[in-house]
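This chain uses plain numbering: 1 for the first residue, then up along the sequence.
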Amino acid sequence: MDSYIQKGIKIDSIKIADKKRRFEIFLTIPVSKIKKLDLLIKKEILEDKAAFINMVNENIKENNGKISFIGSDYSCVLNHIFDNKFIISYNFINSQYIGGTAHGISRFKSYNYDLKKGKFINFNDYFHLKSDADSTYLLSAITKRINRKGVEVNTLERIKFNILKDSISFNFDNYEIASYSEGLIQAKISKNEIGRLINSNYR
């Protein structure tokens with residue numbers, strides 16, 4: 001992360017250990033020169049943290065005040081940043097486990113921000129799919145790059161992505177397109193391969 005500190009993006013971290021309720025929290029929060037962006041991302045991360053604490057409290061309540069010997073934990077960790085003079089793109093891994101449940105759940109949180117327009121870039125902003133054939137081509141390219149037996153991407157609706165220097169990463173949570181045992185799935189596709197599908201403003 002040192003390279004991003006030099007570019008004007010630093011990383012703040014928050015650690016919480018609640019011994020009474022047996023949970024731990026670890027958050028990493030980017031701080032750039034774009035105050036609006038920083039506040040929006042921090043707000044969402046802290047809201048997710050609060051929702052996790054509420055789930056811990058509900059779990060304790062449902063168990064008549066008993067606290068699982070196995071602790072609970074929550075993390076939201078920034079695992080990639082891309083920035084240039086037009087875009088900032090963040091990708092987080094968000095994981096949580098409630099003590100006593102079968103297993104934890106992990107998901108990606110991706111944020112792509114247009115510095116010139118001052119707004120988040122959604123799928124239809126970044127990609128320009130002119131026809132069903134374009135959508136089919138992109139779905140096929142993502143599925144091919146995942147390259148796992150029985151795993152197929154069938155829809156582009158609500159798909160998460162983050163922008164890298166020379167590629168795009170399409171990100172899938174636990175259970176989203178495969179069984180839990182497959183874990184988190186990313187399909188990274190070269191911008192050259194799908195360049196014609198990218199909006200000309202972002203090529």
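A heavy-atom distance below 4.5 Å is found between the side chains of I105 and Y175. Within the 4.5 Å cutoff, the side chain of D173 has heavy atoms near those of the K160 side chain. Residues T143 and V151 have side chains not in contact (no heavy-atom distance under 4.5 Å, counting atoms from C-beta outward). No side-chain heavy atom of I25 sits less than 4.5 Å from a side-chain heavy atom of I14. Side-chain atoms of I198 and F127, non-hydrogen and from C-beta on, do get closer than 4.5 Å to each other. Side-chain atoms of E152 and I177, non-hydrogen and from C-beta on, never get closer than 4.5 Å to each other. Inter-residue side-chain proximity for I98 and F52 is flagged as met; some heavy-atom pair is nearer than 4.5 Å. Contact check for F23 versus I16: side-chain heavy atoms found under the 4.5 Å cut-off.
What you find for E176 and N171 is that their closest heavy atoms are OE1-O, 4.1 Å. Shortest non-hydrogen contact noted between L78 and Y90 is CD1-CB, 3.8 Å. The shortest non-hydrogen separation linking R21 to I67 is O-CG2, 3.8 Å. Considering all non-hydrogen atoms of both residues, R22 and S68 come closest at NH1-O, 3.1 Å. Residue R196 comes nearest to R203 through the heavy atom pair O-NH2, 3.3 Å, listed as atom of the first residue, atom of the second, then distance. The two residues N84 and L115 come nearest to each other via the heavy atoms O-CD1, 3.4 Å.
Using cut-offs of 30° and 60° on the angle between ring planes, the pair F161 and Y126 is tilted. F120 and Y113 have perpendicular rings, their planes meeting at more than 60° on a 0 to 90° scale where under 30° would count as parallel.
Cluster membership check: L27 does not share its hydrophobic cluster with V77, using side-chain heavy-atom separations under 4.5 Å among Ile, Leu, Val, Met, Phe, Trp and Tyr. By the rule that hydrophobic residues join a cluster once side-chain heavy atoms approach within less than 4.5 Å of another member, I159 and L197 end up as members of one cluster. Following chains of ILVMFWY side-chain contacts shorter than 4.5 Å, one can reach I163 starting from L156, so the two form part of one hydrophobic cluster. Under the 4.5 Å side-chain heavy-atom criterion for Ile, Leu, Val, Met, Phe, Trp and Tyr, I185 and L164 are members of distinct hydrophobic clusters. Grouping the Ile, Leu, Val, Met, Phe, Trp and Tyr side chains by contacts below 4.5 angstrom, directly or via other members, places L184 apart from F92.
Other residues, nucleotides and ligands place more than 12 heavy atoms under 6.0 Å from the CZ atom of F123. Summarising the local packing, CG of D132 is surrounded by 12 or fewer heavy atoms from other residues, nucleotides or ligands at distances under 6.0 Å. Heavy atoms from other residues, nucleotides or ligands lying under 6.0 Å from CD of E193 number more than 12. The local environment of NZ in K42 is sparse, with at most 12 non-hydrogen atoms from other residues, nucleotides or ligands closer than 6.0 Å.
Side-chain atoms of Y202 and D125 include no donor-acceptor pair closer than 3.5 Å. Counting only N and O atoms by type, the side chains of Y74 and N94 include a donor and acceptor under 3.5 Å apart.
Residues meeting the side-chain hydrogen bond (donor to acceptor under 3.5 Å, both in side chains) test with D38, sequence neighbours left out: S32.
Between F108 and F172, the distance from one ring center to the other does not fall under 6.0 angstrom.
Residues in residues 48-61 take part in these salt bridge (charged side-chain N to carboxylate O under 4.0 Å, His left out) pairs, two or more places apart or across chains: D48-R107, D48-K109.
Stacking of R145 on the aromatic ring of F170 is not recorded, the 6.0 Å distance cut-off and the 45° axial limit not both being met.
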